[in-house]
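Worksheet: one structure, shown below.
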Amino acid sequence: MISRIEELLRNNRAFVEQQLQLDPGYFGKLAEGQHPGFLWVGCSDSRVPPDRITGTSPGDMFVHRNIANLVVQTDMNFLSVLQYAVEVLQVQHVIVCGHYGCGGVKAAMGHEHHGLIDNWLRTVKDTQQYFWHELKDLGEAARFDRLVELNVIEQVYNLGKTHTIQAAWARNRRPYIHGWVFDLRNGYIRPQTGMINDNDKIGEVCKFTNGIVGGALRAAA
Ligand code: CO
């Protein structure tokens with residue numbers, strides 16, 4: 001019986017044959033270099049493969065993934081990916097994509113301890129606390145969905161405030177940044193923000209001026 005790991009290598013050989021049938025020069029062109037138009041910042045969840053759900057191909061998308069699609073200002077891994085994508089590859093769009101049913105967000109909502117990952121997810125707890133006025137009246141399922149959306153919006157804000165993005169916007173108002181949520185239940189992506197390429201637009205969708213996309217403004221108090 002073929003093992004699961006052998007199956008991957010067999011699939012790879014089939015992939016090569018299929019690509020060569022379509023275009024004998026395919027791998028030669030791929031090896032020449034990459035010019036992706038997009039940086040994808042997504043969750044590590046196995047059910048959210050960025051290329052499959054967006055119909056993109058090798059070479060189209062530079063990718064960074066971590067648990068709960070977080071943009072953390074001290075994460076050298078992420079910051080390096082971002083700088084390279086924006087300054088060297090000159091991507092036109094950076095997409096933060098979360099997903100409903102996110103295990104990372106769910107873990108942050110509860111009170112159980114999960115070990116090391118609790119530190120990573122602390123920022124999701126902060127988001128929940130910040131928006132508790134909105135979340136507290138929702139049922140459990142709706143609150144989970146809404147925190148997934150708010151988490152994406154917070155990461156768009158964090159992304160917009162990175163040195164790399166601020167410097168790029170000051171140069172030429174690119175890239176556009178976007179916050180999306182993928183719905184595992186039906187396969188559709190639901191954008192949570194418009195196209196953002198300056199500090200005014202980021203203020204419109206993020207917490208310091210509004211914080212509630214598609215909903216009522218917080219009551220002035
Ligand atoms: Co997730």
Side-chain angles (χ1 to χ4, degrees), residues 4 8 36 38-56 60-82 85 91 93-132 134-135 138-162 165 177-193 196 205-207 211-214:
R4 293 291 304 276
L8 300 187
F38 311 93
L39 167 62
W40 177 273
V41 182
C43 185
S44 298
D45 194 298
S46 61
R47 299 165 296 178
V48 194
D51 50 350
R52 290 289 291 276
I53 66 173
T54 60
T56 46
D60 291 339
M61 199 176 259
F62 206 60
V63 173
H64 179 85
R65 295 171 76 177
N66 60 43
I67 293 175
N69 40 273
L70 300 181
V71 172
V72 176
Q73 303 284 350
T74 52
D75 178 357
M76 292 302 290
N77 181 354
F78 169 72
L79 294 174
S80 302
V81 168
L82 179 67
V91 296
H93 301 272
V94 183
I95 302 155
V96 179
C97 188
H99 66 102
Y100 297 118
C102 183
V105 172
K106 184 77 179 168
M109 291 175 77
H111 297 291
E112 306 88 62
H113 293 288
H114 303 277
L116 176 69
I117 195 172
D118 293 335
N119 301 281
W120 179 250
L121 294 173
R122 179 68 233 178
T123 176
V124 185
K125 281 190 187 291
D126 291 342
T127 300
Q128 178 176 239
Q129 278 175 336
Y130 188 87
F131 290 99
W132 190 246
E134 177 190 345
L135 294 166
L138 301 175
E140 198 176 328
R143 183 185 298 168
F144 185 13
D145 281 358
R146 187 63 184 139
L147 186 54
V148 164
E149 295 167 359
L150 291 169
N151 179 53
V152 162
I153 293 163
E154 287 298 287
Q155 305 322 309
V156 168
Y157 180 84
N158 293 342
L159 175 64
K161 292 301 174 184
T162 58
I165 293 292
I177 64 177
H178 310 258
W180 291 356
V181 172
F182 175 67
D183 195 335
L184 293 167
R185 297 162 294 202
N186 57 30
Y188 287 107
I189 289 167
R190 292 173 57 175
Q192 302 295 310
T193 71
I196 297 172
V205 294
C206 296
K207 67 184 180 185
I212 302 173
V213 174

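Heavy-atom basis, side chains included; hydrogens, waters and symmetry copies ignored. When a residue number appears, it is its place in the shown sequence, counting from 1. Every number for a ligand or one of its atoms is a count from 1 in the order of the listing. The shown structure was predicted, so the numbers you read here are calculated from the model rather than taken from an experiment.
Using a 4.5 Å heavy-atom threshold, the side chains of H99 and C43 count as touching.
Of all protein N/O/S atoms, those under 2.8 Å from the Co ion (ligand 1) are C43 SG, H99 NE2, C102 SG, and waters are not counted.
Using bins of under 30°, 30° to 60° and over 60° for the plane-to-plane angle, the ring pair H93/H178 lands in the tilted bin.
Salt-bridge formation is not detected for the pair R143/E134: no Lys NZ or Arg NE/NH1/NH2 atom is positioned less than 4.0 Å from an Asp or Glu carboxylate oxygen. Between D126 and R122 there is a salt bridge, since a side-chain N of the basic residue sits under 4.0 Å from a carboxylate O of the acidic one.
Side-chain atoms of N158 and E154 include no donor-acceptor pair closer than 3.5 Å.
Annotation: side-chain contact (heavy atoms from CB on, under 4.5 Å) contacts of R185 (sequence neighbours excluded): Y100, D145, D183.
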